[in-house]
**Q** 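Below is one structure. I have some questions about it.
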Amino acid sequence: VDAIGHRVVHGGEAATDPIRITPDVKTIIRDCTPLAPLHNPANLGAIEACERAFPHVPNVAVFDTAFHQTMSPASFLFAVPYDLYDQHGIRKYGFHGTSHKFVMQATADYLGIPLTNAKLITCHLGNGCSITAIDGGKVLDTSMGMNPLTGLVMGTRCGDIDPGVIFHLLNSGMSGGDVDALLNKQSGLLAVAGIGSSDMRDIVAAAEAGNERAERAIDMFVHRLVSYIGAYFALLGGADAVVLTGGIGENSVCIRGRVLERLRGLGCILDSKANERIRGNGVVSTPESTLKAVVMPTDEELMIARETIKVLTSGPDGM
Ligand code: AMP
């Protein structure tokens with residue numbers, strides 16, 4: 001083993017790039033624990049286990065939040081008292097950064113557009129879902145926030161919700177922990193479809209068999225996604241491509257078709273035959289579309305390996 005790359009969920013504002021792990025970097029990861037209480041301690045545990053098992057092998061942290069650090073305050077601030085941001089770090093961070101960055105680079109290569117000119121809307125649609133607006137390699141906005149709970153409808157997470165709902169539930173006797181579990185683990189497609197599964201394959205099959213709530217769950221999923229694509233198209237001032245990735249984006253002919261049918265007004269016209277055919281990468285919009293739709297499988301492990309090599313071969317203490 002020459003090197004070990006770690007996916008670390010939260011790097012806060014201190015981590016803008018992948019970095020070789022030192023005691024200071026471990027302090028950054030530890031300091032971000034209040035922002036990711038389930039993930040960061042587990043990530044640190046894995047790093048320390050690797051340090052013990054491979055004492056002379058360098059470790060690199062690749063942060064899920066780092067790619068989104070180019071967002072401006074207009075994108076990342078919440079409209080709440082300012083000291084919540086500058087004293088307590090309460091702001092939008094965004095997640096799935098490694099995946100969005102990977103498909104951004106792969107799509108620019110595939111379309112032959114220089115990254116510095118590319119305007120892309122990348123949609124990571126898996127169990128967790130997020131969407132990012134990227135201009136010239138830099139993130140303008142992304143749908144996940146301080147936690148990975150907000151934005152798109154997900155397998156078991158609610159995505160965007162009126163915060164008033166949370167006060168209502170608390171005031172009606174639920175505990176904070178119960179509300180947390182409700183919105184993270186018992187919501188999303190699982191809750192709306194009501195068929196005991198959050199798997200999009202099961203939900204599409206149930207809808208095709210006439211289950212109305214499964215149909216409604218798909219409608220909500222598509223409606224929310226199209227709303228974000230429209231918003232990001234406007235923010236970017238037009239876009240070259242919408243990129244679909246993650247288990248659903250890479251495989252679900254049904255969801256891809258339903259989303260693309262709604263993007264005609266943005267200049268993206270569904271190529272049904274290509275959509276039926278494509279697994280792996282490919283264009284699922286017609287050649288005359290001014291906004292292309294590209295399916296691009298993500299590969300976070302490969303991205304982490306590449307970033308690890310880059311960090312270790314470019315610095316003064318390179319391998
Ligand atoms: P991921 O988190 O990227 O592994 O994605 C998991 C999600 O992808 C689950 O909701 C799966 O149902 C969905 N998925 C995987 N394969 C397919 C498929 N062939 N059709 C529809 N959804 C799929």
**Q** Tell me whether Glu48 at atom CD has more than 12 heavy atoms from other residues, nucleotides or ligands lying less than 6.0 Å away.
**A**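 It does: Glu48 CD has more than 12 such atoms within range.
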
**Q** Does the side chain to side chain contact (heavy atoms under 4.5 Å, CB included) test come out yes or no for Ile47 and Ile29, once each step is laid out?
**A** CA-CA 11 Å; Ile47 289 165; Ile29 298 171; 3.8 Å; yes

**Q** Search all heavy atoms of Ala241 against all heavy atoms of Val294 and return the closest pair with its distance.
**A**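 So the two residues come closest at CB-CG2, 4.1 Å.
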
**Q** Working to the nearest 0.5 Å, report the span between CD of Glu276 and CZ of Arg256.
**A** 9.0 Å

**Q** Quick check: do Thr245 and Ser99 have side-chain heavy atoms less than 4.5 Å from each other?
**A**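 Result yes, sub-4.5 Å side-chain heavy-atom pair found.
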
**Q** Compare every heavy atom of Thr290 with every heavy atom of Leu266, then report the nearest pair and how far apart it is.
**A**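 For Leu266 versus Thr290, the nearest heavy atoms are O-OG1, 4.0 Å.
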
**Q** Going through the distances and angles, do Thr150 and Asp160 end up as a side-chain hydrogen bond (donor to acceptor under 3.5 Å, both in side chains)?
**A** CA-CA 5 Å; Thr150 197; Asp160 290 339; 2.8 Å; yes

**Q** Does some side-chain heavy atom of Val153 sit less than 4.5 Å from a side-chain heavy atom of Val192?
**A**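 Val192 vs Val153: side chains apart.
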
**Q** How about Lys273 and Asp271: do any of their side-chain heavy atoms sit closer than 4.5 Å?
**A**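 Sidechains of Asp271 and Lys273: in contact.
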
**Q** Of all the heavy-atom pairs spanning Phe63 and Asp17, show the shortest one and how long it is.
**A**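 Shortest heavy-atom separation between Phe63 and Asp17 comes out as CD1-O, 4.0 Å.
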
**Q** For residues Leu125 and Ile218: do they belong to one hydrophobic cluster (side chain heavy atoms under 4.5 Å, members Ile, Leu, Val, Met, Phe, Trp, Tyr)?
**A**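 Yes, Leu125 and Ile218 fall within the same hydrophobic cluster.
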
**Q** More than 12 heavy atoms of other residues, nucleotides or ligands under 6.0 Å from CZ of Phe78: yes or no?
**A**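 Correct, the count exceeds 12.
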
**Q** For residues Met104 and Leu235: do they belong to one hydrophobic cluster (side chain heavy atoms under 4.5 Å, members Ile, Leu, Val, Met, Phe, Trp, Tyr)?
**A** no

**Q** Would the number of heavy atoms belonging to other residues, nucleotides or ligands and lying under 6.0 Å from NZ of Lys138 be above 12?
**A** no

**Q** Has the side chain of Arg30 got a donor or acceptor atom that lies under 3.5 Å from a matching backbone atom of Asn40?
**A**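 Checking the backbone N and O of Asn40 against the side chain of Arg30, no donor-acceptor pair under 3.5 Å is found.
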
**Q** Would you call Arg258 and Glu261 a salt bridge, taking side-chain N to carboxylate O under 4.0 Å as the test?
**A**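 Judged by the 4.0 Å cut-off on N to carboxylate O distance, Arg258 and Glu261 do not form a salt bridge.
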
**Q** Walk me through it: do Asn211 and Arg216 pass the test side chain to side chain contact (heavy atoms under 4.5 Å, CB included)?
**A** CA-CA 9 Å; Asn211 184 309; Arg216 187 164 299 165; over 6 Å; no

**Q** Got a donor-acceptor contact below 3.5 angstrom from the Thr70 side chain to the Val139 backbone?
**A**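 Side chain of Thr70 to backbone of Val139: a pair is present.
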
**Q** With side chains defined as the heavy atoms from C-beta onward, is the minimum distance between Arg7 and Glu301 less than 4.5 Å?
**A** no

**Q** Taking Arg20 for the side chain and Pro58 for the main chain, is one N or O donor matched with an acceptor at less than 3.5 Å?
**A**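 No; judged by distance alone, with no hydrogens or angles, the pair does not exist.
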
**Q** Looking at His10, His39, His68, His100, which hits ring-ring contact (aromatic ring centres under 6.0 Å, His included) with Phe95?
**A**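 Among His10, His39, His68, His100, the one meeting ring-ring contact (aromatic ring centres under 6.0 Å, His included) with Phe95 is His10.
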
**Q** Are the side chain of Arg264 and the backbone N or O of Ile269 linked by a donor-acceptor pair below 3.5 Å?
**A** no

**Q** When hydrophobic residues are tied together by side-chain contacts of less than 4.5 Å, even through go-betweens, does Ile229 share a cluster with Leu111?
**A**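 Ile229 does not cluster with Leu111.
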
**Q** Return the minimal non-hydrogen interatomic distance between Phe221 and Cys129, and the atom names on each side.
**A** CE1-SG, 3.8 Å

**Q** Would you say the side-chain atoms of Ser252 pair up with the backbone N or O of Gly249, donor to acceptor, closer than 3.5 Å?
**A**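 Here the side-chain-to-backbone pair does not exist.
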
**Q** Step by step, would you call Leu291 with Ser285 a side chain to side chain contact (heavy atoms under 4.5 Å, CB included)?
**A** CA-CA 8 Å; Leu291 173 65; Ser285 52; over 6 Å; no

**Q** Mind listing the closest non-hydrogen atom pair of Tyr232 and Ile131 along with its distance?
**A**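 In this case the closest contact between Tyr232 and Ile131 is CE1-O, 3.5 Å.
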
**Q** So Asn43 and His6, side-chain hydrogen bond (donor to acceptor under 3.5 Å, both in side chains) or not? Walk me through it.
**A** CA-CA 8 Å; Asn43 294 153; His6 297 261; over 6 Å; no

**Q** If you define the side chain from C-beta out and look only at heavy atoms, does anything of Cys268 sit under 4.5 Å from Leu260?
**A** yes

**Q** Assess Arg224 against Tyr228: is NZ or CZ under 6.0 Å from the centre of the six-membered ring, and within 45 degrees of the ring's axis?
**A**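 Checked: cation-pi criterion not met.
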
**Q** Is there a donor-acceptor pair closer than 3.5 Å between any side-chain N or O of Ser289 and the backbone N or O of Lys292?
**A**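 Not at all, since once roles are kept as given, no pair shorter than 3.5 Å links the two residues.
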
**Q** Give a yes or no answer on whether the side chain of Thr298 reaches the backbone of Gly246 with a donor-acceptor pair at less than 3.5 Å.
**A**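 A pair under 3.5 Å: no.
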
**Q** Determine whether Asn251 and Met200 make a side-chain contact, defined as any pair of heavy atoms from C-beta on separated by less than 4.5 Å.
**A** no

**Q** Is there a side chain to side chain contact (heavy atoms under 4.5 Å, CB included) between Tyr93 and Asp64? Walk through the geometry before answering.
**A** CA-CA 9 Å; Tyr93 289 96; Asp64 227 26; over 6 Å; no

**Q** Give, for atom OG1 of Thr308 and atom CD1 of Ile19, the distance between the pair rounded to the nearest 0.5 Å.
**A**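 Reported to 0.5 Å precision, the distance equals 12.5 Å.
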
**Q** When you compare the side chain of Gln69 with that of Glu13, does any pair of heavy atoms fall below 4.5 Å?
**A**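 They are in contact (side-chain heavy atoms under 4.5 Å apart), so the answer is yes.
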
**Q** Hey, any chance Leu302 and Tyr110 share a hydrophobic cluster, counting ILVMFWY side chains that come within less than 4.5 Å of each other, even indirectly?
**A**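 Yes, same cluster.
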
**Q** Is the side chain of Ser198 donor-acceptor paired with the backbone N or O of Leu189 at a distance under 3.5 Å, no angle test?
**A** no

**Q** I want to check something: taking the side chain as every heavy atom from C-beta on, are Val165 and Leu183 in contact at a cut-off of under 4.5 Å?
**A** no

**Q** Over all heavy atoms of both residues, which pair between Ala207 and Glu215 is shortest? Give the atoms and the distance, please.
**A** CB-OE1, 3.6 Å

**Q** Nearest 0.5 angstrom please: Thr132 OG1 to Lys101 NZ, how far?
**A**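 Rounded to the nearest 0.5 Å, the OG1-NZ separation comes to 13.0 Å.
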
**Q** How about Lys119: does its NZ atom have over 12 heavy atoms from other parts shown lying under 6.0 Å from it?
**A** yes

**Q** Once you round to the nearest 0.5 Å, how far does NZ of Lys26 lie from CG of Asp31?
**A**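 Here the rounded value is 13.5 Å.
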
**Q** How far does CD1 of Ile28 sit from CD1 of Ile21, to the nearest 0.5 angstrom?
**A** 10.5 Å

**Q** Please tell me whether Val222 and Phe233 are part of a single hydrophobic cluster in this structure, the criterion being side-chain heavy atoms less than 4.5 Å apart.
**A** yes

**Q** Nearest 0.5 angstrom please: Ser175 OG to Asp178 CG, how far?
**A**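 Reported value, rounded in 0.5 Å steps: 3.0 Å.
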
